[in-house]
Amino acid sequence: MPIPFFDLQRQYQSIRPEIDEAINRVFIRSQFIGGEVVSNFEKQFAARIGAPHCISTGNGTDALYLILKALDLPPGSEVIVPAWGCIASAEPVSLAGLTPVFCDVDPHDYTLHPEAAEKEITSNTKAILAVHLYGQAAPVTELKALCERHGLHLIEDCAQAHLTRVNEKPVGNFGVAAAFSFYPTKNLGAYGDAGCVITHSTHLAEQIRRLANHGALQKDDHLLAGTNSRMDALQAAILSVKLNHLDEWITRRKKIASHYGQALAGIKGLTIPNVRPATNHTFHIYCIRTSRRDELRTFLAKNEIDTSVHYPYGIPFTTAYRDGAASELDYPVTASLQREVLSLPVFPELTSEEVTCICTTIKDFFSR
């Protein structure tokens, strides 16, 4: 049978009675925007992260944008952003009227390199964005110290890192605020778009909540010009159900990753994911690396194994951000990654037999 890259139907069937009941309760109440269901999820998720404030948003991109707007940085201020990752990390910087300054990443874990980031700091730099990529924690302890030395804001992008930890502390607790995404394929995913902001700052929490709701904390209380970025009650109800299963799903992802690691270690020409010391990698993505990426992907497809590429382009090399100044010499690690990374299936409902089949097929490819 074909092996999918991701299968939401399998997950739904495994918790269908709980999901259907939660959705039914929302329809009975008929309160679809805001209300108790949304506030309950905010409280539950804040407690899991260990922070006092969770502000639900329409999606993870909005969450990051709202953080930047609430910080009220001078127009054109520079924000250091990893060159490698999803373009959604850079777009909110631009949309907030700020300037993303791209920085190459660590060649071992593909997250922002503190020493490289420090070289990009200028008098106009106001913040550093730490992106916890693929479920791997960025070096937030080092980046936080760097921000403190230079008087900068540390912002965390946790879109791919629900319950990822550094020294047993969940990511989202190290910066001034953190953005989370609940896109359907995330480790904790809604059945549509949804996101949130986590922060320890009461002032920021209030500003972000206002900005996300037309500048108001209650009806007609428009103290400033905001936007409309609210999580609907259906998504909150679904996320509350799924939050109860998140630990077991992450445990399963780590078990699949361990299976891959043991089976694929030592294959010449293939690099498996690195896990930074004192961190808990939650494997939103299981990303391997090989100079024969396209060949391998074609071979796996012929054997009915679906894969993906996260990402085909480093952000400075996308049409949106390539202004003619960026070259591969500026971002050598990123330039290599965009030609070499390949994501393997790693969703919790993937069977051990399917993982074994994937590993066997990869071994067959490299033995040719």
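Counting from 1, the numbers follow the sequence of the chain as shown.
Residues meeting the salt bridge (Lys or Arg N to Asp or Glu O under 4.0 Å) test with Glu340, sequence neighbours left out: Arg289.
A donor atom on one side chain and an acceptor atom on the other are found under 3.5 Å apart for Asp20 and Tyr12. If you check the side chains of Glu156 and His132, you find a donor sitting under 3.5 Å from an acceptor. Between the side chains of Glu78 and Thr99, not a single donor N or O lies within less than 3.5 Å of an accepting N or O. Donor-acceptor pairing under 3.5 Å is recorded for the side chains of His245 and Glu18. Thr202 and Glu206 share no side-chain donor-acceptor pair at under 3.5 Å. A side-chain donor-acceptor contact under 3.5 Å links Glu354 and Thr351.
Linking ILVMFWY side-chain heavy atoms closer than 4.5 Å, directly or via other members, places Ile55 and Ile67 in a single hydrophobic cluster. Two different hydrophobic clusters hold Leu188 and Tyr286 under the rule that ILVMFWY side chains link at heavy-atom gaps under 4.5 Å. By the criterion of side-chain heavy atoms lying less than 4.5 angstrom apart, applied directly or through intervening Ile, Leu, Val, Met, Phe, Trp or Tyr residues, Phe32 is grouped together with Tyr191 in one hydrophobic cluster.
Considering every non-hydrogen atom in both Gly85 and Ile315, the closest pair reads O-CG1, 3.6 Å. Shown here for Ala63 and Val197, the closest heavy-atom pair between the two residues is O-CG2, 3.5 Å.
The pair Arg25-Glu36 does not meet the salt-bridge criterion, since no charged nitrogen lies less than 4.0 angstrom from a carboxylate oxygen. The residues Glu21 and Arg16 are annotated as not salt-bridged, no charged nitrogen and carboxylate oxygen being separated by less than 4.0 angstrom. Using a 4.0 Å cut-off between charged side-chain N and carboxylate O, Arg210 and Asp221 make a salt bridge. Between Glu349 and Arg252 there is no salt bridge, since no side-chain nitrogen of the basic residue lies less than 4.0 Å from a carboxylate oxygen of the acidic one.
If you look at Tyr134 and His281, their ring centroids are not closer than 6.0 Å. The distance between the ring centers of Tyr321 and Phe102 falls below 6.0 angstrom. Checked against the 6.0 Å centroid threshold, Phe283 and Phe347 do not count as a close aromatic pair.
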Return a table of donor-acceptor pairs under 3.5 angstrom between the side chains of residues 266-278 and protein atoms on other chains or two or more places apart.
from	atom 1	to	atom 2	distance (Å)
Arg276	NH1	Ala137	O	3.0
Arg276	NH1	Ala138	O	3.4

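A donor-acceptor pair under 3.5 Å links the side-chain atoms of Asp106 to the main chain of His108, judged by distance alone. Between the side chain of Glu142 and the backbone N or O of Pro114 there is no donor-acceptor pair closer than 3.5 Å. Formation of a donor-acceptor pair under 3.5 Å by the Thr282 side chain with backbone atoms of Leu163 is not found in this model.
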Take Lys242 and Gln11, measure what side chain to side chain donor-acceptor pair (under 3.5 Å) needs, and give me the verdict at the end. CA-CA 10 Å; Lys242 288 190 173 188; Gln11 184 189 79; 2.6 Å; yes
Evaluation steps, side chain to side chain contact (heavy atoms under 4.5 Å, CB included), between Leu296 and Phe366: CA-CA 9 Å; Leu296 174 59; Phe366 281 100; 4.1 Å; yes
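The side-chain heavy atoms of Trp249 and Asn187, taken from C-beta on, include no pair separated by under 4.5 Å.
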